[in-house]
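As structure tokens, the structure follows; a few thoughts come after it.
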Amino acid sequence: MTEPAQSPRREPDPAVVDAGDGDGKGIYWVLKNVVLGPPVKRIFRPNVVGAENVPETGPAIIASNHLSYSDWVFMPLVLRRRVTFVAKSDYFTGAGIKGRFQRGFFKGTGQVPIDRSGGSASEGAMRAGMKVLERGELFGIYPEGTRSHDGRLYKGRTGVARLALEAKVPVIPCGVIGTDVVAPPGKIVASFASPTVKFGEPLDFSRYEGMESDRLILRAVTDEIMYKIMELSGQEYLDMYATKAKALEGRAVTGAPEKVRKSDT
């Protein structure tokens with residue numbers, strides 16, 4: 001009698017080192033409610049508007065503008081629920097005491113490690129986001145893909161739309177204001193000004209169910225999300241990817257010829 005063939009062992013996804021699986025919730029609670037949260041709230045006194053728009057339970061995407069590295073501190077801090085983001089896998093692979101501390105800190109603050117070194121980075125972020133949403137949690141995303149270098153709001157990448165349609169979850173637009181004053185590029189803290197975090201009403205895109213492969217639909221959904229973020233943040237909107245805008249600004253300074261990446265068109 002022959003033995004049944006065994007299915008091949010599935011190798012770990014190289015783009016998603018670990019989707020969190022809820023790890024670090026205890027650390028998250030301690031950091032937010034004991035170690036980090038209370039002093040940050042006392043010092044900066046962040047303001048929150050529309051927190052009632054974030055559901056108490058169930059999966060949802062929080063799509064926010066991105067002005068400062070401190071956005072991922074202040075936005076989750078004003079909510080009761082944990083918000084999970086993606087972060088470079090380098091933060092989770094360090095050795096020694098420093099490596100363990102760094103790994104614990106990023107897991108505890110709701111970060112999911114992802115390998116961004118290859119072309120599969122965006123796919124890895126999608127899969128990581130899906131795992132978080134499948135657990136019924138909140139997944140935070142910055143549709144611009146990078147921090148704004150000049151305070152303006154830039155064109156959103158369509159990954160947020162694809163994730164929303166595939167996961168069949170609402171998108172909660174979020175506008176952060178003043179975090180670039182608190183912690184501008186290159187500085188840990190430059191001012192003790194009070195930032196504001198605004199949450200808009202959840203956006204329901206169920207009318208586009210089954211259309212997650214349609215590029216025009218993905219662009220329309222993304223643009224609707226970015227418009228709501230613009231209303232909340234009050235930023236000037238520029239219909240250009242932030243990466244392209246940064247590159248053009250750099251070339252204007254250096255005088256180098258323009259080279260436009262395919263992803264920026």
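Of the residues listed (Y154, Y142, F85), the one engaging H66 in a ring-ring contact (aromatic ring centres under 6.0 Å, His included) is Y142, and it is the only one.
Residues I229 and C174 approach most closely at CG2-O, 3.6 Å, considering heavy atoms. The minimum heavy-atom distance between P143 and M226, with the atom names listed, is CB-SD, 3.6 Å. Of all the heavy atoms in R219 and Y241, the pair that sits closest is NH2-OH, 3.0 Å. When all heavy atoms are compared, the tightest approach of P195 to V182 is CD-CG2, 4.2 Å. Nearest approach of N65 to D71, heavy atoms of both residues: O-OD2, 4.0 Å. Annotation for P170 and P202: closest pair CB-CB, 4.1 Å, computed over non-hydrogen atoms.
N53 CG to K198 NZ: the interatomic distance, rounded to the nearest 0.5 Å, is 12.5 Å. If you take NZ on K32 and CG on L77, they are separated by 6.5 Å, rounding to the nearest 0.5 Å. Here M230 contributes atom CE and R152 contributes atom CZ; the two are 14.0 Å apart, rounded to the nearest 0.5 Å. Taken from NZ in K155 to OH in Y237, the straight-line distance is 7.0 Å, to the nearest 0.5 Å. Residue L216 holds its CG atom at 11.0 Å from OG1 of T158, rounded to the nearest 0.5 Å. Within the model, atoms CG of D150 and CD of E249 stand 6.5 Å from one another, a figure rounded to the nearest 0.5 Å.
In this structure the side chain of I172 reaches within 4.5 angstrom of the side chain of P55, judged on heavy atoms. Looking at heavy atoms from C-beta onward, E134 lies in side-chain contact with M130 at the 4.5 angstrom threshold. Side chains of L218 and L165 form a contact here, defined as non-hydrogen atoms less than 4.5 Å apart. No side-chain heavy atom of F205 sits less than 4.5 Å from a side-chain heavy atom of I217. For the pair L248 and M240, the minimum side-chain heavy-atom distance is below 4.5 Å. Residues K168 and P59 are not in side-chain contact: their nearest non-hydrogen atoms beyond the backbone lie 4.5 Å or more apart. The shortest side-chain heavy-atom distance between L133 and E166 does not fall under the 4.5 Å cut-off. Under the 4.5 Å side-chain criterion, counting only non-hydrogen atoms from C-beta, T179 is in contact with F74.
Sparse packing is recorded around NZ of K228, with 12 or fewer heavy atoms of other residues, nucleotides or ligands lying under 6.0 Å away. Around atom CZ of R45, no more than 12 heavy atoms belonging to other residues, nucleotides or ligands sit under 6.0 Å away. Within a 6.0 Å radius of CD in E231, other residues, nucleotides and ligands contribute more than 12 heavy atoms. Atom OH of Y227 is surrounded by 12 or fewer heavy atoms from other residues, nucleotides or ligands within 6.0 Å.
Criterion: ILVMFWY side-chain heavy atoms under 4.5 Å apart, direct or through other members. Under it, V160 and L203 are part of a common hydrophobic cluster. I62 and V49 end up in different hydrophobic clusters when Ile, Leu, Val, Met, Phe, Trp and Tyr side chains are linked at under 4.5 Å. Side-chain heavy atoms closer than 4.5 Å link hydrophobic residues (I, L, V, M, F, W, Y) into clusters, and following such links, possibly through other members, connects I225 to M211. In the hydrophobic clustering of ILVMFWY residues, with side-chain heavy atoms under 4.5 Å counting as a link, V189 and V181 come out apart. The hydrophobic cluster containing W72 also contains V54, counting ILVMFWY residues as joined when their side-chain heavy atoms lie under 4.5 angstrom apart, directly or transitively.
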Report task. Just do the side-chain contact (heavy atoms from CB on, under 4.5 Å) check on V221 and V171 with the steps written out, would you? Result -> CA-CA 10 Å; V221 169; V171 177; over 6 Å; no
Query raised in the report: Are F44 and V73 close enough, and set up right, to give a side-chain contact (heavy atoms from CB on, under 4.5 Å), and what steps lead you there?
Result: CA-CA 12 Å; F44 295 98; V73 174; over 6 Å; no
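Contacts classified as salt bridge (Lys or Arg N to Asp or Glu O under 4.0 Å) and involving residues 202-214 (residues at least two apart or in different chains) are given here: R207-E224.
Counting only distance, with no hydrogens or angles, the side chain of E144 and the backbone of L153 share no donor-acceptor pair below 3.5 Å. Of the possible donor and acceptor atoms, none in the side chain of S194 sits under 3.5 Å from a partner among the backbone N and O of P46. D180 places no side-chain N or O within 3.5 Å of a backbone atom of L67 that could act as its donor or acceptor partner.
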